[in-house]
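Notes to accompany the following structure.
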Amino acid sequence: MSTTVLRTRGLRKEYGRGATLVRAVDDVDLDVAAGETVAVMGPSGCGKSTLLQLLGGLDRPSGGEVTLNGRRVDGSGEKALARIRRDEIGFVFQAFHLMEELTAVENVEFPALMAGRSPRAARRRALELLERVGLAERARFLPSALSGGQRQRVAVARALSNEPSVVLADEPTGNLDSAATIEVLRLFEELHRAGQTLVVVTHDARIAATADRLISMRDGAFVDETRLTGGTTGQLGALVGLED
Ligand code: ADP
Ligand code: MG
């Protein structure tokens, strides 16, 4: 039996009111099992980013529930929510959001330092993570000296800093060229194999192909769900020519 890491029931987020009311997320029920990769696809403006923000406690729902490891997130106070975001969730954004004045390793160790780890332990872990994403020799580089794909790999390493229960990625390859997209794709495949629970919003069929499940979103709601078979690069992977 699989454990549910992330669960929503009747999740809603509305913006505006009256004639300008937008139902950005409209009655979403989602269960993400431990070790599962879920991809969410849908047209621009259908609510994907809003959904991820609600899942990660970056924004508060208008209604419904978000549960992480059996604990309600949506009703938490600001302090508790900040702790959940820091310790239990890893975020990866389209625009990387690295701190430009810090080196790669300083970016990666930052969340661990914030969580109260010793500088030595945080540094050791950050260097391990950079090695894992294939950037050990770039540890002392500033983000400005890294390619887009390398920056996003640093951002993924940072997201893993506190061993999050789930990584939430919002169009992680949206700013990347095709070669860099493959770098990030390989990394997500590796995370998946290592059992990391992952929710990824993407326009890229190659990224979606790494998922166990593909959810289509329209106008704030889930309209279709496909279970992908055949491992991390299954049918979709074959379709887009990713077979080795
Ligand atoms: P997606 O990520 O799928 O492109 P978003 O979640 O960003 O979609 O947006 C969903 C809908 O909610 C859109 O209609 C968008 O204009 C609206 N929206 C998002 N954020 C806000 C906000 N802060 N204020 C008002 N409307 C918003
Ligand atoms: Mg978006």
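Atoms considered below: every heavy atom in the structure, side chains included; atoms not considered: hydrogens, waters and symmetry mates. Remember, it's 1-based here, ligands and their atoms both numbered in the order they're listed. Just so you know, these numbers come straight off a predicted model, no measurement behind them.
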Please report whether ligand 1 has a polar contact with Gly47, defined as an N or O pair separated by less than 3.5 Å (distance criterion only). yes
Of the listed options Val22, Val201, Leu21, closest to atom 14 (O) of ligand 1 (non-hydrogen atoms): Val22
Students should be able to answer this: which protein heavy-atom is nearest to atom 9 (O) of ligand 1, and at what distance? Thr50 OG1, 3.8 Å
If you count every heavy atom of other residues, nucleotides or ligands that lies below 6.0 Å from Glu225 atom CD, does the total exceed 12? yes
Can you find a protein heavy atom under 4.0 Å from atom 16 (O) of ligand 1? no
Which residue and atom name correspond to the protein heavy atom nearest atom 23 (N) of ligand 1, and how close is it? Tyr15 CE2, 3.6 Å
Answer with yes or no whether the side chains of Asp170 and Gln94 bring together a donor and an acceptor at under 3.5 Å. no
Using a strict 4.0 Å threshold on nitrogen-to-oxygen distance, state whether Asp74 and Arg9 make a salt bridge. no
Decide, yes or no, whether a salt bridge links Lys13 with Asp59 under the criterion of side-chain N to carboxylate O below 4.0 Å. yes
For the Mg ion (ligand 2), every protein N/O/S atom that sits closer than 2.8 Å, waters excluded: Ser49 OG
Heavy-atom nearest neighbour of atom 11 (C) of ligand 1 within options Pro43, Ser44, Gly45: Gly45
Min over Cys46, Gly16, Ser49, Gly220 of heavy-atom distance to atom 2 (O) of ligand 1 lands on Ser49
With distance as the sole criterion, is a donor-acceptor pair present between the side chains of Ser165 and Asn69 under 3.5 Å? yes
With heavy-atom distances below 4.0 Å as the criterion, list the atoms of ligand 1 near Ala24. 10 (C), 11 (C), 12 (O)
Hydrophobic clustering (ILVMFWY, side-chain heavy atoms < 4.5 Å, transitive) - are Leu187 and Leu146 grouped together? yes
Salt-bridge contact Arg186-Glu189 (side-chain N to carboxylate O under 4.0 Å): yes
Quick test: of every protein heavy atom, which one is nearest to atom 3 (O) of ligand 1, and how far off is it to 0.1 Å? Lys48 NZ, 2.7 Å
Between Thr50 and Arg23, does any side-chain donor sit less than 3.5 Å from a side-chain acceptor? no
Whether over 12 other heavy atoms sit under 6.0 Å from Arg72 CZ: yes
Test: Arg120 and Glu109 ion pair at under 4.0 Å: no
